[in-house]
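Worksheet: one structure, shown below.
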Amino acid sequence: MDLIIPVPPRFNFWATVYSHGWCALPPFHVDKNERTLRLVVPNGHGGNDSLTLHDTKAKLTASLDNGGDASPDRVTNISNSVSSVLRLRESFDPFYAEAKRYPRYRWMVKRGAGRLLRCPTVFEDVVKMICTTNCSWALTEIMVQALVTKLGSRVRDGVQSFPSPETLASCSEAFLRREIRCGYRAPYLLELSRKIAGGTLEIEKWRTSDEPTEELFIQVRSIKGVGEYAAGNILKLLGRYDYLGLDSWSRGKFYEIFRKGRKVKDSTIERHYARFGRWRGLFMWMDMTKDWHEREFPL
DNA sequence: GCGTCCAGGTCTACC
DNA sequence: GGTAGACCTGGACGC
């Protein structure tokens, strides 16, 4: 079954897929030659659907890989999930209007860059973000790969889902340390999963919350294992760009781009981006990743 | 092959 | 409020 997903003007599929490292973490799978992105979305009835997204000339196609009937409910769920993952229903007009004011940032308008890929659920985004803290990217990949292969459900041959909160909640800390290699993060992941599975924490609502960003930041930050860096970046995936979410890599990039490699305080970086108001976190990320865009997708 | 050191965010205890 | 140390892993390095 193939579905045509409507996309907004200026939407750039590849700039969104490669907007940050998430596309390299399963269940996402990128085929560069075929120019497709595979993803696994919960179907709302305890199961999952595997989709392959294919972009051709202002048209986005979602192919359902695991068979079954195309019920109206299922079609709606797939359409909503893809729109959420690729941020198709968010307006970036104010962001591009701001970008046009600065010659340095007009490339983002030209390329349709700015949409950050996110997972089908907030839970998956938060768990993965915790797995990026205090370790190399290689270790993040090991942890996420293990979560999917050891705890995910089989969707079709060779494709497994990201584990649900209930599945993660049922694990022991020793299992997570030994098999998932997540070390001291194990109790954090367990606490998060058990609160969600027990119904005392509802993080899926965050994507549609109309609470002020500062209030949302406090809630995100209250998750054990989520500090300033992780909370700032989780907020970006919720469509709030008021925090920078600095880590050692982005600090280094800033020093390299704006200070000829000289170190500066975080407050200096904050001041540098303050002019961009509520979009400052996204402007910063665009500076950090401009070279990826130029290298991976030359115009 | 083995041991040691270091980098990477967050939490907690302490001042 | 600020700071030091612990947490855990993979990778780099020296032997």
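Every chain is numbered from 1, with letters handed out A, B, ... down the list of sequences.
- Between A:F276 and the options A:Y102, A:Y241, A:F95, a ring-ring contact (aromatic ring centres under 6.0 Å, His included) holds for only A:Y102.
- What separates CD of A:E191 from P of B:dT10 is a distance of 16 Å, to the nearest Å.
- Under the 4.5 Å side-chain criterion, counting only non-hydrogen atoms from C-beta, A:L246 is in contact with A:M284.
- Listed candidates were C:dC8, B:dG8, B:dG9. Nearest to the side chain of A:C135 is B:dG8.
- Summarising the geometry, the separation between OH on A:Y184 and P on C:dG5 is reported as 18 Å, rounded to the nearest angstrom.
- Between the CG atom of A:L192 and the P atom of B:dT10 there is a distance of 15 Å, given to the nearest Å.
- For B:dT10, the OP1/OP2 oxygens have no side-chain nitrogen or oxygen of A:R185 closer than 4.0 Å.
- Atom CE of A:M129 is separated from atom C1' of B:dT10 by 15 Å (rounded to the nearest Å).
- Between the NZ atom of A:K224 and the P atom of B:dC11 there is a distance of 8 Å, rounded to whole Å.
- Counting only heavy atoms from C-beta outward, the side chains of A:D287 and A:F254 never approach each other to under 4.5 Å.
- Within the 4.0 angstrom heavy-atom criterion, only backbone atoms of the sugar-phosphate kind lie near A:S248; the bases stay farther away.
- Taking atom CD on A:E228 and atom P on B:dG9, their separation rounds to 13 Å, with Å as the unit.
- In this structure the side chain of A:L86 reaches within 4.5 angstrom of the side chain of A:F11, judged on heavy atoms.
- As judged by a 4.0 angstrom heavy-atom cut-off over every strand, A:R221 is placed among residues touching the sugar-phosphate backbone only.
- Of all nucleotides listed (B:dT10, C:dG11, B:dC11), B:dT10 comes nearest to the side chain of A:A230.
- Salt bridge status for A:D266 with A:R251: present, with a side-chain N to carboxylate O gap under 4.0 Å.
- In this structure, the CD atom of A:Q145 is 14 Å from the P atom of C:dG10, given to the nearest Å.
- Distance A:Y229 OH to B:dC11 C1': 17 Å, rounded to the nearest Å.
- Backbone-only engagement by A:I223 is indicated by non-hydrogen atom pairs under 4.0 Å involving sugar-phosphate atoms exclusively.
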